[in-house]
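Here is the structure we will look at, set down as structure tokens.
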Amino acid sequence: MDIKKIKLSNTELYKIKDGNTIYNGPNQSWYPKRFQRSAGCGPTSCSNIIWYLSQTQDKYKELCPYDGTTFEGFLKLMEDVWRYVTPGVMGVNKLEMFENGAIRYGKEKGFTLSCKSLEIPGRKNISELEIEKAINFIEDALKEDLPVAFLNLHNGQLLNLESWHWVTIYELDREKGSVSILDQSSLKEIDLKLWLNTSNKGGGFVVVR
């Protein structure tokens, strides 16, 4: 096992079937309403986390009452989560909006959830110590087999990451300084260190336990 790479134990849980089509995770474009489709990345990412918790930890088995292996079931979860992680005019543009929504969703389902977050300030060329802190935050979560929600308010020099957008981290490569993410039913690897060094507006990370 390559200890420089840390990955969720069961990423196959993000295979979603719709007839003969298999998606790599959900897509905010599945939401039925126009505003939901344009602003739904936050609740979609939170749905990823809720679904994973419900399938990997016995005590959270009832956290998701739907069959997230199907398009219909995962969309029901996304619609449910939307009521708690609800975008405003600027979307879900603050970590606490995501955290508070996830906690309220859990409480409604009869579970006590907690969140831990790490805010990344909006500036370029952060210190090596701050970069290491961000990498350690992600590593610690993945070692606990917990997905990480990633808010990117500005993509900096990354060409394969959309600005003002939430995605879900499922793997970290410490040696390369990269993370692998679920983004709009696609699997992507992005240069985390490049983002940290070039993002003008920053963003942050949230772990739900």
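Here, residue 1 is the first one in the sequence, and each next residue gets the next number. Keep in mind the model is a prediction, meaning the values are calculated, not measured.
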>> For Asp145 and Thr56: C-alpha separation, side-chain torsions, deciding distance, then whether side chain to side chain donor-acceptor pair (under 3.5 Å) applies.
In response: CA-CA 8 Å; Asp145 203 25; Thr56 57; 4.6 Å; no
> Would you say the side-chain atoms of Asp173 pair up with the backbone N or O of Lys176, donor to acceptor, closer than 3.5 Å?
Replying inline: yes
> Is there side-chain contact between Ile16 and Thr69, with heavy atoms separated by less than 4.5 Å?
Replying inline: no
> Considering the options Phe74, Trp30, Tyr14, which one meets the ring-ring contact (aromatic ring centres under 6.0 Å, His included) requirement together with Tyr23?
Replying inline: Trp30
> Is Ser180 close to Tyr170 at the side-chain level, that is, under 4.5 Å between some pair of heavy atoms?
Replying inline: yes
> Does the side chain of Arg209 come within less than 4.5 Å of Leu146's, by heavy atoms?
Replying inline: yes
>> Quick one: does any side-chain atom of Tyr52 pair with a main-chain N or O of Asn10 as donor and acceptor, under 3.5 Å?
In response: yes
> Less than 4.5 Å apart, any side-chain heavy atom of Trp82 and any of Pro87?
Replying inline: yes
>> Using modelled atom types and a 3.5 Å cut-off, is there a donor and acceptor pairing between side-chain atoms of Glu132 and backbone atoms of Leu129?
In response: no
>> Does either side chain, that of Trp164 or that of Asn93, offer a donor lying less than 3.5 Å from an acceptor on the other one?
In response: no
> Got Leu151 and Val206 here, is their nearest side-chain heavy-atom distance under 4.5 Å?
Replying inline: no
>> Does Lys188, at its NZ atom, have more than 12 non-hydrogen atoms belonging to other residues, nucleotides or ligands within less than 6.0 Å?
In response: yes
> Testing Ile131, Ile169, Val179, Leu158 for side chain to side chain contact (heavy atoms under 4.5 Å, CB included) with Leu192, which one passes?
Replying inline: Val179
> Side chains of Asn155 and His165: donor-acceptor distance under 3.5 Å anywhere?
Replying inline: no
> Ion pair present between Lys193 and Glu128, side-chain N to carboxylate O less than 4.0 angstrom?
Replying inline: no
> Are Glu99 and Lys116 close enough for a salt bridge, meaning some N to O gap below 4.0 Å?
Replying inline: no
>> Less than 4.5 Å apart, side chain to side chain, heavy atoms only: is that true for Asp18 and Thr70?
In response: no
> Any idea which heavy atoms bring Leu196 and Ala134 closest together, and the distance?
Replying inline: CD1-CB, 4.1 Å
>> Donor-acceptor pair, distance only, cut-off 3.5 Å: does the side chain of Ser199 make one with the backbone of His154?
In response: yes
When the side chains of residues 105-112 are checked against the rest of the protein, which donor-acceptor pairs come out under 3.5 Å, sequence neighbours left out?
residue, atom, partner, partner atom, Å
Tyr105, OH, Leu63, O, 2.9
Lys109, NZ, Asp80, OD2, 2.9

> Side chain of Ser38, backbone of Phe35: donor and acceptor closer than 3.5 Å?
Replying inline: yes
>> Looking at every non-hydrogen atom in both residues, tell me the closest pair between Val85 and Gly42 and how far apart they are.
In response: CG1-C, 4.1 Å
> Is the shortest heavy-atom distance from the side chain of Val167 to the side chain of Ser45 under 4.5 Å?
Replying inline: no
>> When you compare the side chains of Asn136 and Arg174, does any donor N or O come within less than 3.5 Å of an acceptor on the partner?
In response: yes
>> Restricting to side-chain contact (heavy atoms from CB on, under 4.5 Å), what partner residues turn up for Glu79, sequence neighbours left out?
In response: Tyr31, Pro32, Gln36, Leu75
> Is there a donor-acceptor pair under 3.5 Å between the side chain of Thr198 and the backbone N or O of Gln157?
Replying inline: yes
>> Within the 4.5 Å heavy-atom criterion, are Pro26 and Asn48 side-chain neighbours or not?
In response: yes
> How about Trp166 and Phe150: are their ring centres within less than 6.0 Å of each other?
Replying inline: no
>> Test your reading of the model: is there a side-chain donor-acceptor pair from Ser185 to the backbone of Gly25, 3.5 Å cut-off?
In response: yes
